[in-house]
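Just so we're on the same page: letters track the sequence lines, and every chain starts at 1. Just so you know, these numbers use all the heavy atoms, side chains as well, and skip hydrogens, waters and symmetry mates.
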Number of protein chains: 2
Amino acid sequence: MNISEAARRSGLSAKMIRHYETQGLVTARRLENGYRDYAEADLAVLRFIRHARALAFPLDDVRRLLALWRDRNRASADVRRIALDHVAALEAKAEAMQAMAHSLRHLAAHCHGDGRPDCPILNELEKNP
Amino acid sequence: MNISEAARRSGLSAKMIRHYETQGLVTARRLENGYRDYAEADLAVLRFIRHARALAFPLDDVRRLLALWRDRNRASADVRRIALDHVAALEAKAEAMQAMAHSLRHLAAHCHGDGRPDCPILNELEKNP
DNA sequence: GATGGGGGTTCCCATTGCGGGAAGGTCAAG
DNA sequence: CTTGACCTTCCCGCAATGGGAACCCCCATC
């Protein structure tokens, strides 16, 4: 199957697939004319990548997860460590963003939000320290 | 004051300050030798930027907030809108990340995490659709 | 045979917000 | 005069794509 069908069937874009190839996550057989040719097994890899990316695993992690996936002698502990490290990163970022959102919501709640110029949001931003 | 002192006193890096200048957020007087020269008023702008960035406002928003800040005839409604739009974006991203973290934590909780190869995390990633 | 259309390919640029580092000007102290 | 600590501009790299150019391939139709 050509790249656009692989894209359609994997839920990725052709651009993404080529990019993942440059990053060493997938490889494709090449036809005589240079076209990439994907087998069902490749499709499984592409779907794996899509699922991992949907969970926001960086490509580096995806590469490691793929290696473990292919390794019949893997230790599930290795998979788990990658996942939990990623979870920690996600939660740290999410909490930081929630905290920022909270502060801003609080400031916005005290802002008239009308034609008058005074605004606690700007007051906060212009504070000295 | 030169750029490194402005950096120290604003809590930004010299690199950041130059970058903000290319993005039209700050301007600095130039000495005869081409060096940037900052006044106290510039420092206030730099601190404003730092506070806004600490709340993760994109530079485009910071530019708009600065314009409103300088505008004595601003409507606080405009400031509020920028802030609340940003809050919405922050919360959307944060919630998406929390959701991913939750799914992964759930999967990891069912993973032995020992030397055995079977792992619900990989099972999830290799699913068909 | 020529042409058109719809594939494919590679490669470069832009995004966002910086950091690193090179190449070179400037200035004060020793 | 040299050293060192500033400053300047400019280019590269990051992460993960999207957009688009320039060009190749193949098939069908005129």
Base C:dG25 paired with B:Y35 side chain (donor-acceptor, <3.5 Å): yes

In sequence, state the C-alpha distance, the side-chain angles, and the governing distance for A:H106 and A:H102, and then conclude on ring pair (Phe, Tyr, Trp, His ring centres under 6.0 Å). CA-CA 6 Å; A:H106 181 74; A:H102 265 136; 9.7 Å; no

Compute the angle between the rotation axes at the two ends of the helix from C:dG1-D:dC30 to C:dG30-D:dC1, each taken over five pairs, rounded to 10 degrees. 50°

Select one nucleotide: of [options], the one nearest the side-chain heavy atoms of [X].
X: B:P58; options: C:dG8, C:dG17, D:dC26; result: C:dG17
X: A:R18; options: C:dT9, D:dC25, D:dC6; result: C:dT9
X: A:R36; options: D:dC25, D:dT9, C:dT10; result: C:dT10
X: A:R53; options: D:dG18, D:dT17, D:dC26; result: D:dT17
X: B:L59; options: C:dC18, C:dC27, D:dT17; result: C:dC18
X: A:S13; options: C:dC27, C:dC18, D:dG18; result: D:dG18

For the pair [X] (side chain) and [Y] (backbone), establish whether a donor and an acceptor sit closer than 3.5 Å, ignoring hydrogens and angles.
X: B:R29; Y: B:D37; answer: no
X: A:R50; Y: A:S10; answer: yes
X: B:H86; Y: A:A101; answer: no

Applying salt bridge (charged side-chain N to carboxylate O under 4.0 Å, His left out), name anything that partners B:D61, two or more places apart in sequence or on another chain. B:R64

If you find the nucleotide of DNA chain D closest to A:K15 and the one closest to B:I3, which residue's nucleotide is nearer the 5' end? B:I3

Is any side-chain heavy atom of A:R47 closer than 4.5 Å to a side-chain heavy atom of A:R9? yes

